[in-house]
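Everything numeric here is computed off the predicted structure, so don't read it as measured data. Letters go in sequence order (proteins before strands), and every chain restarts at 1.
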Number of protein chains: 2
Amino acid sequence: MSAEKPAGLPIAGERRERADAAANRVRILAAARQVLAERGAEGTTLDAVAEQAGVGKGTVFRRFGDRSGLFQALLDEHLRVFQDAFMFGPPPLGPGASPGERLAALLEGLLDMEDGHLELILALERDRWKAPIGGYIVLSLHAENLIREISPRLDAPVLAQLLLNAVNVNVVRHLRQETGTSLAAIKASVRALVAGLEMSARS
Amino acid sequence: MSAEKPAGLPIAGERRERADAAANRVRILAAARQVLAERGAEGTTLDAVAEQAGVGKGTVFRRFGDRSGLFQALLDEHLRVFQDAFMFGPPPLGPGASPGERLAALLEGLLDMEDGHLELILALERDRWKAPIGGYIVLSLHAENLIREISPRLDAPVLAQLLLNAVNVNVVRHLRQETGTSLAAIKASVRALVAGLEMSARS
DNA sequence: TCATAAGTGGACTGATGGTCCGCTTAACGA
DNA sequence: TCGTTAAGCGGACCATCAGTCCACTTATGA
């Protein structure tokens with residue numbers, strides 16, 4: 001719902017984005033969300049999005065570069081909220097709780113996001129099939145820092161990747177849709193994993 | 001290099017696969033391996049494989065059904081060896097070691113396989129982007145059993161998925177190629193994760 | 001009101017997975 | 001050895017999409 005460049009003054013030397021262009025961006029994002037909801041990740045083509053938005057295909061590409069750029073823009077909205085929450089929000093996700101609690105909350109929050117936007121994230125996964133979740137740099141760095149806080153003896157960069165990928169979208173999809181597991185059950189196991197890490201780091 | 005149906009007598013009511021067909025299957029598999037090695041997962045098209053094998057494209061599809069079927073057949077060869085090793089081989093992978101040791105060995109073995117056949121597994125990932133590693137049923141079941149042995153209090157099906165996906169191909173690719181991490185370092189962190197699970201299960 | 005560069009749409013291209021069907025040939029029984 | 005037959009073959013063909021291009025339109029600032 002939020003526009004990409006809300007209102008701000010034009011940067012020196014740049015013109016402001018034209019009003020009709022900004023409106024189209026919003027319409028395209030909305031159309032993408034709708035098509036994703038109606039047809040799922042697999043059935044969402046850019047032609048369909050363009051048609052739903054009432055816009056030419058060229059316009060979609062001019063705004064977002066390529067397929068994954070469009071979905072990335074969509075995901076970034078949610079990601080930004082999530083980042084705010086774990087950087088500045090209340091514990092256990094935000095500062096104030098123990099690093100172990102925060103790490104668990106981070107992974108659980110990721111699970112929530114994936115569960116809430118399954119098709120979107122799957123669509124992204126289709127295009128970026130060679131990128132791990134840990135490719136989201138802010139998430140990785142934050143996870144690394146928390147792991148380092150738990151114990152400097154742990155290999156933070158590697159463990160961050162392992163843990164973030166443990167809660168990959170595909171895991172969520174598989175467990176939720178194919179084996180009917182509840183989100184709470186997944187979270188419980190994630191907590192067990194983090195708790196174990198804390199214990200083994202202490203010994 | 002091994003043929004799919006080596007020599008066996010024809011099942012009642014079925015004809016044996018024609019000799020030229022069997023030969024073609026072998027040539028196609030070899031061609032696929034070579035193209036994968038030369039052009040990587042991204043550049044490996046079925047036309048290229050067919051040409052390299054000196055065979056029509058239709059033949060490739062007749063034998064393997066579709067793109068992922070071809071790569072699956074290729075991977076199955078390695079998977080079969082690996083399965084043998086953890087079902088009947090020597091410890092710590094095979095029976096004889098503690099369940100925790102075996103679980104760690106399973107994940108490390110998976111890492112070895114992924115590292116050794118990166119492009120192949122990435123190619124498979126591209127087609128089966130909505131399937132988690134845990135989709136390899138034998139692997140999942142084996143991991144589940146080991147986890148149950150560690151402690152019946154653990155949620156074995158969920159933890160198996162989490163752990164198997166923690167060592168996803170993409171993690172390996174990312175850590176190895178982009179951050180230059182050694183395989184040994186990844187294995188060490190996997191062991192830390194499993195060790196932690198054992199400890200937290202005991203308390 | 002005008003000049004202009006930003007924006008637009010949709011026809012077009014290129015790549016690639018997958019299908020089809022008339023021709024070839026291995027396999028088997030007589 | 002030879003004839004019959006269905007399994008197998010090749011590669012032209014098709015369908016689907018992501019992404020490009022460019023002649024035309026229009027918002028914007030002077």
Side-chain angles (χ1 to χ4, degrees), chain A residues 3-5 7 9-28 31-32 35-36 39-73 123-129, chain B residues 3-5 7-28 31-32 35-36 39-72 123-129:
Chain A
E4 277 285 293
K5 294 180 180 176
L9 299 175
I11 314 281
E14 299 188 341
R15 273 165 195 256
R16 186 165 62 244
E17 175 181 59
R18 260 166 59 166
D20 53 345
N24 272 339
R25 163 182 290 133
V26 173
R27 294 171 69 197
I28 292 168
V35 175
L36 228 26
R39 312 197 195 179
E42 212 145 357
T44 298
T45 68
L46 290 203
D47 292 271
V49 171
E51 190 187 351
Q52 173 70 36
V55 129
K57 192 161 40 149
T59 304
V60 176
F61 281 93
R62 158 170 271 266
R63 284 275 95 70
F64 298 101
D66 62 10
R67 198 186 136 91
S68 72
L70 170 60
F71 296 130
Q72 189 65 60
L124 214 40
E125 192 87 346
R126 189 190 119 184
D127 298 327
R128 315 201 326 161
W129 51 279
Chain B
E4 276 285 293
K5 294 180 180 176
L9 299 175
I11 315 280
E14 300 188 341
R15 273 164 196 258
R16 185 167 62 242
E17 175 181 59
R18 264 167 56 165
D20 53 346
N24 272 339
R25 162 182 290 133
V26 173
R27 295 172 67 197
I28 292 168
V35 175
L36 229 25
R39 313 198 196 180
E42 211 145 0
T44 298
T45 68
L46 289 202
D47 293 270
V49 171
E51 189 188 352
Q52 172 71 36
V55 131
K57 193 162 40 151
T59 305
V60 176
F61 282 95
R62 158 171 274 265
R63 283 276 93 69
F64 299 101
D66 61 11
R67 197 187 137 91
S68 72
L70 170 60
F71 297 129
Q72 189 66 59
L124 214 42
E125 193 88 345
R126 188 189 122 186
D127 298 328
R128 315 200 326 161
W129 50 278

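A residue-by-residue look at K57(B) and A19(B) shows that K57(B) has its nearest nucleotide of DNA chain C further toward the 5' end.
Two residues are said to be in side-chain contact when any heavy atoms from C-beta on lie closer than 4.5 Å; F64(B) and Q72(B) fail this criterion.
Closest approach of R27(A) to G54(A), counting heavy atoms only: NH2-O, 3.9 Å. Residue A50(B) comes nearest to V60(B) through the heavy atom pair CB-CG2, 3.9 Å, listed as atom of the first residue, atom of the second, then distance. Minimum heavy-atom separation, I28(A) to A53(A): CA-CB, 4.0 Å. Considering every non-hydrogen atom in both A41(A) and R126(A), the closest pair reads O-NH1, 4.2 Å.
Considering CZ of F71(A) and CG of L36(A), their distance stands at 5.5 Å, rounded to 0.5 Å. With rounding to the nearest 0.5 Å, the separation of CZ in R62(A) from CG in N24(A) is 11.0 Å. Atom CZ of residue R67(B) and atom CG of residue L124(B) lie 9.0 Å apart, to the nearest 0.5 angstrom. W129(A) CH2 to E42(B) CD: the interatomic distance, rounded to the nearest 0.5 Å, is 4.5 Å.
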N/O to N/O distances under 3.5 Å, protein versus nucleotides 24-26 of chain D:
from: dT26(D); atom 1: O2; to: R18(A); atom 2: NH1; distance (Å): 3.4

Polar atom pairs (N or O), protein with nucleotides 21-23 of chain D, under 3.5 Å:
none

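In this structure, CD of E17(A) is placed 14 Å from C1' of dT8(C), rounded to the nearest angstrom. Counting to the nearest Å, the P atom of dT8(C) and the CZ atom of R25(A) are 10 Å from each other. Atom-to-atom, CD of Q52(A) to P of dG9(C) comes out at 15 Å; the value is rounded to the nearest Å. Rounded to an integer number of Å, the gap from CG of D127(A) to P of dA18(D) is 8 Å. To the nearest angstrom, P of dA18(D) lies 16 Å from CD of E42(B). When the C1' atom of dC17(D) is taken as reference, atom CG of L46(A) falls 8 Å away, rounded to whole Å. For the pair I28(A) CD1 and dT8(C) P, the computed distance is 7 Å after rounding to whole Å. What separates CG of N24(A) from P of dG10(C) is a distance of 12 Å, to the nearest Å.
Considering only side-chain atoms of T59(B), the nucleotide from dG19(D), dG10(D), dG8(D) that sits closest is dG10(D). Closest approach to the R63(A) side chain among dG17(C), dG7(C), dG8(D) is made by dG7(C) (side chain taken as heavy atoms from C-beta onward). Which of dG17(C), dG18(C), dG7(C) sits closest to the side chain of D66(B) comes down to dG18(C). Picking from dC9(D), dG17(C), dA18(D) the nucleotide with the shortest atom distance to the side chain of F61(B) gives dG17(C).
Under 4.0 angstrom from either OP1 or OP2 of dG18(C) there lies no side-chain N or O belonging to R62(B).
Across all strands shown, R27(B) has no heavy atoms under 4.0 Å from either base or sugar-phosphate atoms.
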